[in-house]
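These numbers come from a predicted model, not from an experiment. Count residues from 1 along the sequence.
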Amino acid sequence: MISFIGKYYHNLDQKGRVIMPASLREVLTNKYSSGKLYLTNAPFDKALHLYPLEEWLKLEEKIRGLPKSDESVMYFLRRVIASAIPCELDKQGRILIPYEHRQDAGINSAVVIVGQIERIEIWDKATWDSITDPTKVDIKRIQDALAKYGL
């Protein structure tokens, strides 16, 4: 596996740690050399994003070139960049999700860890189930939009 893909169900332990699935750890080990990660709020969803250092640096570089006076850039800086913290996997392959991040993302105990090619998303299971329920989205509109991208 060369990208973060897949969906995995786990539970937080009492200290707020969650084990990173073996297949995602494998990508971290084989594709990214530093082992350092950045955990941050998702920009628009009640979820968390986990970036390997190399992907985080690419994101920072994009941000540096944007006008800081733009309202959308200010929002991104305040929501995503301000919430970012460095972290690493412990010896058991777990990451600690700080209390503040769990609160911001509405994460309780059951989580869904989702590979998203260059980053990993962490969702509260109930929230994930709600946003991915096909009966709750406009399927035709989404099909049409994805068809424009050849998907």
TODO: Flag the pair Phe4 / Ile117 as yes when at least one side-chain heavy-atom distance between them is below 4.5 Å, and no otherwise.
DONE: no
Task: Where Ile97 and Arg102 come nearest, the two heavy atoms and their spacing - done: O-NH1, 2.5 Å
- [ ] Could you check if a side-chain atom of Tyr32 sits within less than 4.5 angstrom of a side-chain atom of Leu37, using non-hydrogen atoms only?
- [x] no
Task: Side chain Lys68, main chain Leu66, donor-acceptor under 3.5 Å - done: yes
TODO: Examine Leu12 and Tyr8 and state if one hydrophobic cluster contains both, with Ile, Leu, Val, Met, Phe, Trp and Tyr joined whenever side-chain heavy atoms are less than 4.5 Å apart.
DONE: yes
Open item on the list: I'd like to know if the side chain of Lys7 and the backbone of Gly115 have a donor-acceptor N/O pair within less than 3.5 Å.
Closed with: no
Open item on the list: Starting from Leu151, can I reach Ile139 by hopping between I/L/V/M/F/W/Y residues whose side chains sit under 4.5 Å apart?
Closed with: yes
Open item on the list: Check whether Glu60 reaches the backbone of Ile81 with its side chain - one donor and one acceptor, N or O, closer than 3.5 Å.
Closed with: no
- [ ] Look up atom CG in Leu89 and atom CZ in Arg17, then write down how far apart they are to the nearest 0.5 Å.
- [x] 12.5 Å
Task: Point-to-point distance, once rounded to the nearest 0.5 Å, from CD1 of Ile63 to NZ of Lys58 - done: 15.0 Å
Open item on the list: Please report the interatomic distance CD1(Ile113) to CH2(Trp128), rounded to the nearest 0.5 Å.
Closed with: 12.0 Å
Task: Closest contact, heavy atoms only, Lys31 versus Ser3 - done: NZ-OG, 4.4 Å
TODO: Can you establish whether the number of heavy atoms outside Arg25 located under 6.0 Å from its atom CZ is more than 12?
DONE: yes
Open item on the list: Show the nearest heavy-atom pair for residues Leu50 and Cys87, with the distance to one decimal.
Closed with: CD1-SG, 3.8 Å
Task: Glu118 versus Pro52, closest heavy-atom pair with distance - done: O-CD, 3.6 Å
Open item on the list: Determine whether a donor-acceptor pair (N or O, by modelled atom type, separation under 3.5 Å) exists between the side chain of Thr40 and the backbone of His49.
Closed with: no
TODO: Considering only NZ, NE, NH1 and NH2 on the basic side and carboxylate oxygens on the acidic side, decide whether Asp144 and Lys148 come within less than 4.0 Å.
DONE: no
TODO: Evaluate the side-chain proximity of Phe76 to Leu59: yes if any heavy-atom separation is below 4.5 Å, no if none is.
DONE: yes
Task: Hphob cluster co-occupancy, Leu24 + Leu28, side-chain heavy atoms under 4.5 angstrom - done: yes
- [ ] Starting at CD of Glu100, measure out to CG of Asn41 and round the result to the nearest 0.5 Å.
- [x] 10.5 Å
Task: pair Lys36-Pro86: side-chain heavy atoms closer than 4.5 Å - done: no
Open item on the list: Quick one: does any side-chain atom of His101 pair with a main-chain N or O of Ser83 as donor and acceptor, under 3.5 Å?
Closed with: yes
Task: Minimum heavy-atom distance between Ile131 and Val137, given as atom pair plus value - done: O-CG1, 4.3 Å
TODO: First locate atom CZ of Phe44, then atom CZ of Arg79, and finally report the distance between them rounded to the nearest 0.5 Å.
DONE: 9.5 Å
Task: Flag side-chain contact, heavy atom, 4.5 Å: Ile122 against Ile95 - done: yes
- [ ] Check the hydrophobic clustering (I, L, V, M, F, W, Y; side-chain heavy atoms under 4.5 Å; chains of links allowed) and say if Leu48 and Tyr75 are grouped together.
- [x] no
Task: Backbone of Glu55 reached by a side-chain donor or acceptor of Tyr38 within 3.5 Å - done: no
Task: Sub-4.5 Å side-chain heavy-atom contact between Ser33 and Glu54 - done: yes
Open item on the list: Show the nearest heavy-atom pair for residues Leu39 and Pro98, with the distance to one decimal.
Closed with: CD2-CD, 3.8 Å
- [ ] Compare all side-chain heavy atoms of Lys140 with those of Asp138 and state whether any distance is below 4.5 angstrom.
- [x] yes
Task: Same apolar cluster: Leu77 and Leu57, side chain cutoff 4.5 Å - done: yes
Task: pair Asp124-Ile107: side-chain heavy atoms closer than 4.5 Å - done: yes
TODO: Count the heavy atoms belonging to other residues, nucleotides or ligands that lie under 6.0 Å from CD of Glu71, then report whether that count exceeds 12.
DONE: no
